[in-house]
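Read the structure below first, then the notes.
Heavy-atom basis, side chains included; hydrogens, waters and symmetry copies ignored. Below, read A as the first sequence line, B as the second, and so on, with proteins coming before strands; counting in each chain starts at 1.
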There are 2 protein chains.
Amino acid sequence: MATMADVARHAGVSVKTVSNVLSGYPHVRDATRERVQASVDALGYEINVTAKIFRSGRSGVVGLSVPELGQPYFGELADEILAAARRHGLQVLIEPTGFTRDGELAALRVPRGGLVDGLIFSPAALVQADAHLLDELGYPLVLLGEQMFSSSVDHVTMRNIDGAQAATELLLDAGRRHIAAIGMLHAETAGSAWLRYTGYSKALEARGIEVDTRLLGWADDAWHRGNGARAMADVLDSGVRVDGVVAFNDALAIGAMYELQARGLAIPQDVGVVGFDDIEDSRYSVPTLTTVDPGRREIANVAVDILRRRLQELRRPSAEQVSPVLYLAGMRLVERESTPRRAR
Amino acid sequence: MATMADVARHAGVSVKTVSNVLSGYPHVRDATRERVQASVDALGYEINVTAKIFRSGRSGVVGLSVPELGQPYFGELADEILAAARRHGLQVLIEPTGFTRDGELAALRVPRGGLVDGLIFSPAALVQADAHLLDELGYPLVLLGEQMFSSSVDHVTMRNIDGAQAATELLLDAGRRHIAAIGMLHAETAGSAWLRYTGYSKALEARGIEVDTRLLGWADDAWHRGNGARAMADVLDSGVRVDGVVAFNDALAIGAMYELQARGLAIPQDVGVVGFDDIEDSRYSVPTLTTVDPGRREIANVAVDILRRRLQELRRPSAEQVSPVLYLAGMRLVERESTPRRAR
DNA sequence: GAAACGATTTACACCGGTGTAAACGGCTTA
DNA sequence: TAAGCCGTTTACACCGGTGTAAATCGTTTC
């Protein structure tokens with residue numbers, strides 16, 4: 001395997017000049033650059049990445065901690081983050097934490113080893129009380145989601161309240177007045193379920209409609225399709241009239257749609273349904289599902305951008321350090337077959 | 001940040017002894033080991049991973065190339081591989097290839113850089129004619145799936161034929177005789193669709209039933225839920241009688257179930273349905289879906305084990321090199337609500 | 001033509017560990 | 001007691017690049 005010294009000898013220049021050419025240092029004469037490049041090609045030289053990382057102290061690898069890739073939302077988020085990172089020449093080391101506290105604590109320790117320059121972290125088991133763990137990490141961290149907040153780290157998240165509110169308003173605008181909320185959780189306070197419920201109730205209140213607890217569908221273990229069907233069944237069994245459904249994620253919505261259809265209710269004629277997350281499944285369900293695109297791609301792009309900026313700041317500490325930001329991605333309602341046209 | 005030299009000074013031993021302690025070298029006196037460990041703790045020393053990788057030439061990182069994590073099968077596979085790797089102290093760098101030829105070619109080039117010791121590769125765009133690309137890679141590669149085969153690399157895959165055959169037999173055993181196959185693809189020859197179709201037709205032939213082309217549901221772009229519903233509709237529209245469905249993956253099966261139920265057919269009373277892959281969704285669909293577990297966890301474990309063995313061989317070339325293996329994971333039928341009990 | 005200056009190029013130390021081979025020490029064997 | 005041996009520890013070169021600062025070169029300025 002050829003080394004940089006071999007290339008230098010072959011091209012008749014110093015090792016450092018080869019290094020300069022390969023790392024894009026601007027002050028290299030064109031003729032030199034070409035000669036070096038020719039030698040690189042002739043010898044089939046490829047730079048030793050590990051030596052580069054070791055010496056420069058930067059790996060170009062960022063960590064990504066998510067609970068589980070098998071869950072479509074996180075799988076799709078990971079795809080977006082990987083794509084964004086790749087556009088900037090960064091690689092991504094994924095650390096699934098399995099919804100466990102230990103897994104998440106371990107993920108926070110990973111970067112100290114040195115292989116990873118920074119971390120994008122989507123907690124699910126750590127809670128607000130653990131926020132102090134994020135304070136003095138010694139490496140750049142970008143937080144995702146609504147599990148915990150801290151003024152000392154950058155945070156990228158979505159407009160949960162606005163999204164759920166818009167979803168509810170879409171149904172209200174179509175004249176629906178008996179709108180169920182599917183996906184209530186007992187355990188949460190600041191989490192997504194609570195925020196999405198807040199958006200739902202705000203929309204109703206704005207129209208002077210009181211929240212009817214019979215319309216709240218509880219899904220206590222997890223936001224899976226089966227729980228959506230069960231929660232929908234509970235609501236329908238209560239005897240309350242339902243002409244719209246806001247589900248707190250797409251899997252719940254698909255389960256709810258199943259239950260509605262099983263009972264002979266037509267979607268969207270009898271009941272309009274809106275999900276949340278815009279996972280790929282919602283484009284292929286039957287009927288296709290109106291949902292809230294929480295800006296997953298934007299979240300991925302912004303998270304990677306912020307991390308890159310922090311890594312740059314680290315390199316030249318001269319520049320003014322921007323204080324941590326809280327970024328809310330733009331939310332967008334994606335209308336498909338499961339909702340009626342808006343009344344005009 | 002403390003270095004190994006600091007620890008050595010603090011413990012009154014040589015740097016190499018510290019290194020020996022930390023890397024588990026057996027011939028170290030207990031007293032020495034304890035003294036070193038105490039110094040490590042006292043100084044809060046953490047080994048510089050990049051220096052270790054650089055000098056040792058091994059990173060402990062393996063690459064994983066899959067088309068897309070957003071697809072539940074691959075997301076879940078990635079979770080399993082990550083878990084298996086972590087159990088052996090390996091980290092995983094994921095490279096989604098986006099179903100593109102370029103993406104897959106790029107993934108094959110990655111390890112040459114040095115950050116990755118070996119690669120687990122699940123091709124989707126490369127075809128059999130590209131198999132020669134795998135011949136002289138210069139690093140250990142484990143191939144997954146049915147897209148291409150090569151006698152020069154290790155390969156871990158699943159019992160597609162047996163699985164589809166068992167799925168079909170399950171329906172036959174329950175007395176069904178008009179079994180549709182959902183998910184036929186034109187473009188494939190050695191791919192999963194063809195193999196699963198082969199299992200389907202073998203099962204029928206074994207009972208002396210001829211394949212009825214009206215029962216074949218074509219899903220040409222991709223195995224998504226919507227295509228499953230459409231293919232199912234095509235079959236039903238042909239007027240042929242249907243009392244069973246073998247879908248070539250779970251998403252297709254869920255789509256097919258939708259279409260059947262929309263037409264008033266009861267599952268499993270009127271029509272039994274079997275999927276393939278055992279993705280988590282199949283446990284939460286309504287009704288829950290009988291499916292073929294292709295041994296995803298086993299595939300992950302075996303792939304990681306094989307890769308580890310190859311990496312060890314690389315370290316001490318003395319040992320006898322085992323020639324490349326083709327491993328077929330054990331398949332298992334998971335019976336759920338969507339199939340009738342077997343006739344006895 | 002000398003000085004000044006920016007653009008190029010270079011020498012060399014150094015990053016922080018690990019591999020190798022040799023040194024050391026205590027104990028058994030002859 | 002000397003030689004042999006094994007378990008333990010060590011010195012030191014070295015992995016292959018990059019950072020720093022200085023040397024060199026070609027122009028421009030005076």
Side-chain angles (χ1 to χ4, degrees), chain A residues 1-37 39-40 43-61 89 112-115 117 311-312 314-318, chain B residues 1-37 39-40 43-61 112-115 117 311 314-318:
Chain A
M1 188 77 91
T3 75
M4 209 173 249
D6 298 328
V7 176
R9 204 170 308 121
H10 187 274
V13 297
S14 74
V15 173
K16 182 65 205 199
T17 296
V18 177
S19 170
N20 286 339
V21 169
L22 293 180
S23 55
Y25 181 67
H27 299 302
V28 176
R29 203 171 301 159
D30 285 347
T32 311
R33 190 188 310 279
E34 282 161 24
R35 197 143 39 88
V36 169
Q37 192 55 56
S39 298
V40 165
L43 299 178
Y45 170 73
E46 294 188 39
I47 198 164
N48 181 320
V49 179
T50 59
K52 182 195 183 81
I53 293 174
F54 168 49
R55 175 61 223 219
S56 68
R58 274 166 281 120
S59 67
V61 178
R112 314 251 326 251
L115 227 192
D117 291 341
L311 292 171
Q312 276 174 357
L314 230 54
R315 222 167 306 173
R316 19 184 187 69
S318 55
Chain B
M1 190 77 92
T3 77
M4 208 174 251
D6 297 329
V7 176
R9 204 171 308 120
H10 187 274
V13 296
S14 75
V15 172
K16 182 65 208 204
T17 295
V18 177
S19 171
N20 286 340
V21 169
L22 293 180
S23 55
Y25 181 68
H27 299 301
V28 177
R29 202 172 302 161
D30 284 347
T32 311
R33 191 187 308 282
E34 281 161 25
R35 198 144 39 89
V36 168
Q37 192 56 56
S39 298
V40 166
L43 300 178
Y45 171 72
E46 293 187 39
I47 198 165
N48 181 321
V49 179
T50 60
K52 181 194 183 85
I53 294 174
F54 168 50
R55 174 62 222 220
S56 67
R58 277 166 280 118
S59 68
V61 178
R112 314 255 320 258
L115 226 193
D117 291 340
L311 293 172
L314 230 54
R315 223 167 305 173
R316 23 185 183 67
S318 55

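- Side-chain contact between A:Asn20 and A:Val36 is absent, with no heavy atoms from C-beta onward closer than 4.5 Å.
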Dump the pairs, protein N or O against N or O of nucleotides 17-20 of chain C, anything under 3.5 Å, distances to one decimal.
from   : atom 1 : to      : atom 2 : distance (Å)
C:dG17 : OP1    : B:Tyr45 : OH     : 2.8
C:dG17 : OP2    : B:Met4  : N      : 2.9
C:dG17 : O5'    : B:Tyr45 : OH     : 3.0
C:dG17 : N2     : B:Arg55 : NH1    : 3.2
C:dT18 : OP1    : B:Lys52 : NZ     : 3.4
C:dT18 : OP2    : B:Ser19 : OG     : 2.3
C:dT18 : O2     : B:Arg55 : NH1    : 3.4
C:dG19 : O4'    : B:Arg55 : NH2    : 3.4
C:dG19 : N7     : B:Lys16 : NZ     : 2.7

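- Scanning all heavy atoms of the two residues, the minimum distance from A:His10 to A:Ser39 falls at ND1-OG, 2.8 Å.
- Contact check of residues 6-13 of chain B against DNA chain C (heavy atom, cut-off under 4.0 Å) returns no residues at all.
- Contact between the side-chain N/O atoms of A:Ser14 and the OP1/OP2 oxygens of C:dA11 is not found at any separation under 4.0 Å.
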With the criterion being N/O to N/O and under 3.5 Å, what pairs connect the protein with nucleotides 6-8 of chain C, and how long is each?
from  : atom 1 : to      : atom 2 : distance (Å)
C:dT8 : OP2    : A:His27 : ND1    : 3.2

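- The list of salt bridge (Lys or Arg N to Asp or Glu O under 4.0 Å) pairs with a residue in residues 2-26 of chain A, not counting sequence neighbours, reads A:Asp6-A:Arg9.
- Between B:Ile47 and B:Lys52 there is a side-chain heavy-atom pair separated by less than 4.5 Å.
- In this structure, the helix from C:dG1-D:dC30 to C:dA30-D:dT1 shows an angle of 50° between the axis at its start and the axis at its end, each fitted on 5 base pairs and rounded to 10°.
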I'd like a table of donor-acceptor pairs (distance under 3.5 Å, sequence neighbours excluded) in which one partner is a side-chain atom from residues 21-34 of chain B, with atom names and distances.
from    : atom 1 : to      : atom 2 : distance (Å)
B:Ser23 : OG     : B:Ser19 : O      : 2.8
B:Arg33 : NH2    : B:Val28 : O      : 3.3

Set out, in order, the CA-CA distance, both residues' side-chain angles and the distance that settles side chain to side chain contact (heavy atoms under 4.5 Å, CB included) for A:Leu115 and B:Ile53, then state yes or no. CA-CA 9 Å; A:Leu115 227 192; B:Ile53 294 174; 4.0 Å; yes
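- No side-chain heavy atom of B:Leu311 sits under 4.5 Å from any side-chain heavy atom of B:Arg58.
- In terms of heavy-atom proximity, A:Ala51 sits nearest to B:Phe54 at CB-CE1, 3.3 Å.
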Can you check side chain to side chain contact (heavy atoms under 4.5 Å, CB included) on B:Thr3 and B:Asn48, steps first, answer last? CA-CA 8 Å; B:Thr3 77; B:Asn48 181 321; over 6 Å; no
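- Distance OG/A:Ser59 to CG/A:Asp117: 3.5 Å, rounded to 0.5 Å.
- The CZ-P distance, from A:Phe54 to C:dG16, rounds to 6 Å in whole Å.
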